[in-house]
Amino acid sequence: MIERFSSGFHPFVLPFLAGMVFVLGYCVYGIVRILFQLTGEDRRRFFLSLITPRTALKNIRDIFCDCLLHVKLWKRNRMLGFMHSSIAFGWFMLIVLGHVEVMLFLPERIRLFYYPIFFNFFVAETDSTIQGSLLFFLMDFFLLVVLVGIALAMVKRVRSRLFGLRRTPRPSLLNRVGLYALWAIFPLRLLAESFTAHISGGSFLTIPANWVFRQFLGNDLNMLPTWWAYSIALGVFMFVLPFTRYMHIPAEMMLIPMRNAGLKIRGARKGFARVQVYSCPNCGVCIDACPMSADKANLKDCTVYLTRQMRRGNERRIAEISDKCLLCGKCEAVCQVGVEGPKLRLMNRAERNYAVKADYSGVPVTALSEAARGGKVLYYSGCMSQLVPSIGRSMESVFRKAGVDYFWMDREGGVCCGRPMMTAGRLEEAAGIVRKNTEVILGSGADTMVVSCPICYKMFTEEYSLPGVRVVHYVNHMEELLQEGRLVPTRSDLCYVYHDPCELGRGCGIYEEPRRLLGRLAGIAEAEKNRSESVCCGGSLGSLTLTFAKREKITKASLENLYASNADAIATACPLCTATFARYADRPVRDLAEIVDRQTEGKLKPAEI
Amino acid sequence: MKENVVVIGGGVAGMEAARQLLLLGYNPILVEQQDHLGGHVAQWNRLFPDMAPAGDLVRRLWDGITDANIFLETRVTSVNRLKDDYLVMLSNGVSISCRAILIASGFKLFDAARKEEYGYGVYDHVVTNADLESWFNGNESDRIPSAPRSVGFVHCVGSRDLKAGNSQCSKVCCITAVKQAIEMKERFPEARVYCFYMDLRLFGKKYEDFYIRAQQEFGIQFIRGRVSEVGETLDGRLQVKAEDTLSGKPLKVQLDLLVLMAGMSCNPDVAELARMARLDIDSDGFLRSLDNTAGIDVSNRPGIFYAGACTGAKTVPETLGEARSAALDIHRYLQGR
Amino acid sequence: MIYEGKQKIWQDYQKEIPDDHWYYVRSCIRQNFFPASERKFTDITQQILGKDVYETPYHTTCGGIAYHCDAIPQVTVMTIVARQFALMTEAGYENYVPSCVTSFGNYVEILETWHEFPELETRIREQLWKACRREFNKPKYLAHTSDLIYHWRNEIAEKARVRLIDRETGEPMRMAEHIGCHYAKMFPSKGIGGAEYPYVLAGMIESWGGQVVDYPERRHCCGYGFRQYHTKANRGYCVSNTHKKFESMEPYGIQAILTNCPGCCYFMDRWQYVIAEQTGKTYGKDGFGIPVFTYEELAGLVLGYDPWDLGLQLHQVAVEPFLDRIGVEYDPKAKYLGVNKEDLLRPELPVNLKCF
Amino acid sequence: MMDFGFKLSKSATLDLDRADTGRYERLCALEPDARICMNCGSCSATCTAAPFSGMSLRKVILGLQRGQDVRPMLQGCMLCGKCSMVCPRGINTRHLILTLCRIYD
C-alpha cells in the first residue's frame, strides 16, 4: 500500500470539499434554526427522545429502513423501491466502505474527509492484499448497484408508469441541475476509478474498464480530468442540494426523530412544519393519489407543489393550494416520508386574520341542554345529515326497534360540531363552537352520545373533552345492538361496495367495523382503491375554494373507483358522501344507517315500539 | 285558380302564415293597416336571447311572401258570412270571397302614460321599451341622456295590473328588460343599471342564462319591488321610489333614465273585427280561442283562425309557431279534413 | 318636466261642477285651526261671487275623522253621512260641498260603496229612518270647497286686488301645492287633475299669477295620518314624514305652500316649528318658515281681505315676509288684536323659528 | 333643543345613492359569484346558525348591496357549509363568507 501523494492532497478535491463544507454548514444552520423555532416543551421532548433508548433505537431503525432501504417504497412498487434503495444504500455503502479502506490502510488520513471519497486516486496497489481486493470488490459491487439504480432513474424519467407513477412533478431548473449532477457522479466515479485502476488497483468493473480504455486511449492523460469531473459533479450536487428536492435526504433524517419524539405541527412555516416541507422528496406519489387530479386544472395543487411553493415562499400559490385541498388525507396516507400535507394546509389557513370574529353568545345553551334532557343516549346527526333526512329517520327507527332510550339533540337543528370551522383554519372560532356544544351536551345529563356523521365524530373524539359521556360512532353502536341481539339481521341479496369516507377512514382509522356490519346484512365488494387509499367523494368541506361545478369531475372519478367493484349499490357512512354521490351516481347510494334499518328487525314487537 | 285566404294583420304572425299558405298552394291576401309589414318586430332592434337583428327576421319573412297579395294601409271594413264563404270588404274597395280567414292582428303596446305615477310624457327622462329600441335603431331621442350614470328598468308596466285593465303577464317584458339592461350596460359600462321587478318570469329557452349573464358579467342589480312613484329633481334627474321587498324596506334612488317595460294589451281594433265576424272576446280583451291548450289558433267561427298575439301576449317564436300551425289548420279545413 | 304632458293628464281628469246652489258643510277641525277660512268661503262665494251657498247649523261631523282613527265602524259613518244628506234634501239642495278633504273622501267612498253594494244603501236608509225618521236623496253633484274655488278661480282673478307676483322682482311667486291624501288618492277620477298631478290648487296658483313648483316628495303625506298623530308614541313618525317633505322641498326656494286639507295645512305649518325647535333647521329665508295657506286664505289675500281678518295670525309660521313680497298691506300691530280690538296678547315666540 | 315627548325618527328608506357599496364591490372582485345570488333564500332556510343569530347569507349579500353593516349576521356563522350544498346557483358560499370576514376592516 503506497500513498501516491505525500501531501495527501490534490487540488481536484477542492470542488467536492467546498460543496461538502457548504452543505454541512447549511444543514447545521438549518437544524439550529429549526430547534430554536420549536416551543420549549417540544424542544425538551425532542432532546429527551434522542437519549431515551427506545426512541433512539427506533430512530436508527426508521432511518435505516426508510432512508436507506426505502422499505415503504418497496411495498408500494418494487421497481421504485429497488431504484431508490439501490442508489441510497449503494451510495451509503460506498461511503462506509471508503472510510473502512482509509481506516484500514491509512488511518492517519481519516481526518481528511475527502480521502474516503477519492481513495483510489491517492493510493496505489491496494488490491494486492486479500483485504484490499475484497474491499475493491465490494466497492465495485456497490458502485454497480448504484449505477443500476441511476440507470433505472433515467428510465423512470421517461417511462414513469413502469414505476407505478402516472404523473410526476415537473422538475425546476435547479432540480434538473441536481438531478444531472447526481446522474453524473457515479458514471464519472466509474470512469475516474477505471482510469486509475492500473495504479490504484480495482476489481471486476474497474480493471476490465481500465484495460478497455487503455486499448482506446492509450495514456493516463484522461485520469486527472475525470477525477476533476467526478469531484466537480459531487461539488455541484452538494452546492445545489439545499435548493433542490435532494434536501429531503438530510431533512428526513431530522424528520424521523422529531416524529418519533411525538412533535406536532404548530405553525405553518416554522419548526416541525419546516422539516416536513424540506423532507418532501418531490416523488409525486401524491399527484396520482390526490382526488383533485381527476381534473387537470388541479394537477399543480397537490402536496408536492405545496412543499415546493412553501420552500419558494410564493404566498399566492401557497394560499391557493392550501385553500383548494379537500383535506381528504390521502396524500399523507401514501406519502413515503410522512409529510402531513393536510395539516400543513390547515396551518397555512390558520395564519390568516379575519376581521370579523365569530360571536356565538346568541346560542341558548341552557335551553338547548334543558331540551336534550331525558334520554340516556343522545343522538347527534350533524348539520349535513339534515340534508340527507334518510339517515336521521333510519337512526330513529333503529333506536326504536332496539328499544334505545334516545334523544335526537339536533333534530330541529343544533350547534355545528365545529369541524368545518376548524378546517377553514379558524381555530379560535372552532374552539368557541366546541365550548358551546360541550356545555349543551354536559348539561343534558346523557352518558352516551351516538354520532352518525364522521366529520362530527372526528371532531368530538379529537377536540372535545366530555367527561362522563361516551362518544360512539353509530356504526359501532349499531354493531353493539346487533351483538346484543337487540336487532336481528336479515340478509339482503344486494351487493354493496363500501366507500370509506375520508374523515372516518383516514380521519379516525375506522375501516373494518363498517365492513363487518355491512357484511352481516348484505353482500360486500371492494372498490378498486379502498381503505386508506379510498378516493374522496369530492364533496368535502375541507376545500374552501373548489366550487360546486369544479367538484363534479372529482365525484365522478370517485364513483368510477366504486363502480369497478360491479356492486349493485353504494354504501357509505357519511351524509356528505351520500349527498355528493347521489347527485351523479348511476346506482343507489345508501348510508349504513339506512341499510341497517332496512335489514334488521327489532326484538320488540311492533306494538311495543 | 288558387284559393284565397285572407290574412288580417301583417306582423310576423301574418307574414309567416302567408308564407306557409303560399307553400301549401293557396293565395294568401295580406291586409295591413300600416304602411309597412313586420308590425312591432319591425320597430325592434335586436331579439333576445340570441341578439339577432329583428330586421333580419322581418326581411327573411318578406322574402317568403313576394308572391302574395299584400294590401298596405288597408283596413277590413266588413266580414259577411255567405253560406260557406266569407265576403271580406276592404277599405280600398276590394272585396274578397274566401272560405278561410286568419286573424293575426297582434297586440297594442300598453300606453305607459296611463301609469301616471311613472310620469311618462311628464318627466324628461322617462321612456318606454319601444322608445329605447327605436333609439337602438339609431333614431335620436332627447329623452335619453348622453352619458347616464344610472338607468332603471320598471318591469310589468301595464301588465299584471288590474287597475290598468291588463291583468295578464305580458311574458316578454322580463327578458326584454334583461336584454335592454345588458345593452345599456354595454353602451354605458360605468352606469349603474337597476331592474325593478315583481317576479322575474324568465321561462324561455336560454332566458335564465341571459339573466345570469346580466348579473355576473354586467353587474345589473335586480330589485324586487314595483316602482311606486317617480319624481323629478331640480337637476332633471328622476327620483324613483319602490319597496325593496327583499329587505322589507322602502328604497329610493336617483336615476338619469327610467325605462318602462310597457306590456302587451289587446289591440282595440279587434273589438270591431270581432263584432263583424261574430267572434268571442276573452275576459282580458284579447280574442277568445276555442280552447287554450290544444286549440289556441281556432276561433268560435268556422273557417276563422288566429295566430300570434291577437289571443294574448306571445313571444316571437311562439307567434311564428302559431302562424305555422294556423296555416296547417287552414289547409286541413279547406281540404275538408 | 314636460308641461304639455301634465296638461294632457289634467284634461283627462275634469269633473262637472254646477255653477250655483251648493249645500255647504263645515269641517270638524278647521273650525278650530283656521276658523276664518270657512267663514271667508261663505263671504267670498256669497258676497263677492254672489253664489247660493247654503248651510245649516244642524249638520254634524261626517264621522270621517273617527273612521280614520279606527274609532267607529263604517256603517256608523254611513248613517251619519245619510243624516247629512237628509239635511241637504230637506233644505232642497242637490249639490253637496264639504269643506274638509277627509269628509270629501269619506262621501266619495260611501257613495261608491253604495254604488257597488246597493243593499248596504238600503240598510242605511232603514237605519236612518229608525234612528231619526229622516229620508235622503244622494247628492247629484259632490265637490270639495277647493273644487269650487278652482271652478271660480278666474272670476276671483278678475276681481283680484293683489296678484301672486313678487312686487320687487316682478317674478311670479314660487309656490308648492299640497293636496290632501283623501282628495283623490282613493278615487283619482273624483279629483280635478287626478291623483298623480292634481290641478285643483295648481290651477288657482296659475290663475292668480304664481308659479307652481313641483318637487320629488310632492305626493307624500303631510305627516298627520290620523291615528298616527293621535297616539303620542307615533308622533315622531308623523313629524318625520313632514320632515321628509320639507327636506325634499328645500332646494327649490319655495315661498309658500297652498293646501286644501285641514290637517295638511295645520301640520305642515306646526311641524315646521317642531322641526325647527328639535333640529334648529328652518326652511324659509332668513330663519323664517315657509307659510302654508288654505285656498280660502289665498283667495282672500288675492281679493284684498285684511290678513288678520283672514286669521293669518293663527299660523305658526310667520306670513309677513310673504305678504310683503306680494304687496299686501297690513298693520303689524293689529296682528294680535281680537274682536273689538281687544288685545289677545302676543304668544311666546319660538327659539329657532323666526316669528313676529 | 325642546323636548316634545317625541322625536324625528331615522328614515327607514334605503337611499341607494348614499349607500356605500364599496364593500360589495370588493367582495364581487374577490368572489364574482356574489353577483349571481338570486335571493332565493335556500341558504338562510337551511342555515345552522340562523336560529341563534339571525344569520342569513341572502340578507348579507343584499345588505352589502344596500350598503348596510352585515357584521352582526356574519358573526353567527358556524361555517358548516349547508348553504353551499343547497345553493341552486352553485355559489361557494363558505368561501364567500370567509372572504367577507376578511375584507371588513
Side-chain angles (χ1 to χ4, degrees), chain A residues 323-324 349 352-365 367-368 382-388 410 412-426 429-430 432-433 436-437 453 455-456 539-552 575-576 579-580 583, chain D residues 22-23 26-27 30-37 40 42-57 60 63-64 68-105:
Chain A
D323 287 359
K324 202 186 243 185
R349 294 179 187 183
R352 267 170 226 152
N353 188 28
Y354 291 91
V356 179
K357 305 276 184 233
D359 175 8
Y360 302 123
S361 55
V363 177
V365 171
L368 287 174
C383 303
M384 281 302 154
S385 301
Q386 284 169 348
L387 297 175
V388 190
D410 56 349
E412 309 294 335
V415 183
C416 173
C417 66
R419 175 113 181 111
M421 187 60 93
M422 202 171 97
T423 56
R426 303 186 67 181
E429 266 79 5
I433 299 176
K436 290 287 167 191
N437 250 331
C453 170
I455 306 166
C456 309
S540 168
L541 290 171
S543 171
L544 300 179
T545 52
L546 274 179
T547 59
F548 174 76
K550 288 181 181 160
R551 292 171 189 254
E552 186 177 337
L576 197 46
T580 309
R583 214 172 279 141
Chain D
R23 202 160 266 122
R26 252 171 91 192
L27 176 70
L30 295 165
E31 299 276 337
D33 275 359
R35 290 191 192 280
I36 61 170
C37 170
C40 73
S42 307
C43 49
S44 324
T46 198
C47 180
T48 295
F52 313 131
S53 61
M55 168 64 181
S56 158
L57 186 58
V60 164
L64 282 172
Q68 292 166 334
D69 183 5
V70 298
R71 275 174 294 187
M73 275 191 277
L74 276 181
Q75 283 172 336
C77 175
M78 296 182 181
L79 222 56
C80 73
K82 276 172 84 185
C83 45
S84 63
M85 298 288 286
V86 297
C87 177
R89 286 263 167 106
I91 299 172
N92 186 352
T93 52
R94 284 177 85 225
H95 197 254
L96 194 145
I97 291 168
L98 285 171
T99 306
L100 249 180
C101 285
R102 292 180 73 186
I103 62 173
Y104 259 101
D105 38 41

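Quick note on labels: first sequence line is chain A, next is B, and so on, each numbered from 1.
The line from SG of D:Cys77 to CG of A:Asp359 is 12.5 Å long, rounded to the nearest 0.5 Å. Going from atom CZ of D:Phe52 over to atom SG of A:Cys416 covers 10.5 Å, rounded to the nearest 0.5 Å. For the atom pair NE2 of D:His95 and NZ of A:Lys324, the computed distance is 11.5 Å after rounding to the nearest 0.5 Å. Distance check, rounded to the nearest 0.5 Å: NZ of A:Lys550 to CG of D:Asn92 gives 9.5 Å. To the nearest 0.5 Å, the span separating CG on A:Asp323 from CG on D:Leu98 amounts to 8.0 Å. The line from CZ of D:Arg94 to CG of A:Leu546 is 11.5 Å long, rounded to the nearest 0.5 Å.
In this structure, chain D has no heavy atom under 4.5 Å from any part of A:Arg419. Both the backbone and the side chain of A:Ala358 have a heavy atom closer than 4.5 Å to some heavy atom of chain D. Only the side chain of D:Thr46 comes within contact range of chain A, with at least one heavy atom under 4.5 Å from a heavy atom of that chain. With a 4.5 Å cut-off on non-hydrogen atoms, A:Ser361 does not touch chain D at all.
Taking A:Leu576, A:Val415, A:Ile433 one by one and counting their heavy-atom pairs under 4.5 Å with chain D, the maximum is reached by A:Val415. When each of A:Cys383, A:Pro364, A:Gly413 is checked for heavy-atom pairs under 4.5 Å with chain D, A:Cys383 comes out on top. For the set D:Gly76, D:Ser53, D:Ala49, the count of heavy-atom pairs under 4.5 angstrom toward chain A peaks at D:Gly76. Between chain D and the residues A:Met421, A:Lys357, A:Arg426, the largest count of heavy-atom pairs under 4.5 Å involves A:Met421.
Among residues two or more places apart in sequence or in another chain, the salt bridge (charged side-chain N to carboxylate O under 4.0 Å, His left out) test is passed with D:Arg102 by none. D:Arg23 meets the salt bridge (charged side-chain N to carboxylate O under 4.0 Å, His left out) test with D:Asp105; sequence neighbours excluded.
The side-chain heavy atoms of A:Val356 and D:Leu100, taken from C-beta on, include no pair separated by under 4.5 Å. Contact check for D:Met78 versus A:Tyr360: side-chain heavy atoms found under the 4.5 Å cut-off.
Between the side chains of A:Gln386 and D:Lys82, at least one donor-acceptor pair of N or O atoms lies under 3.5 Å.
Here the shortest heavy-atom pairing between A:Leu541 and D:Cys80 reads CD1-O, 3.2 Å.
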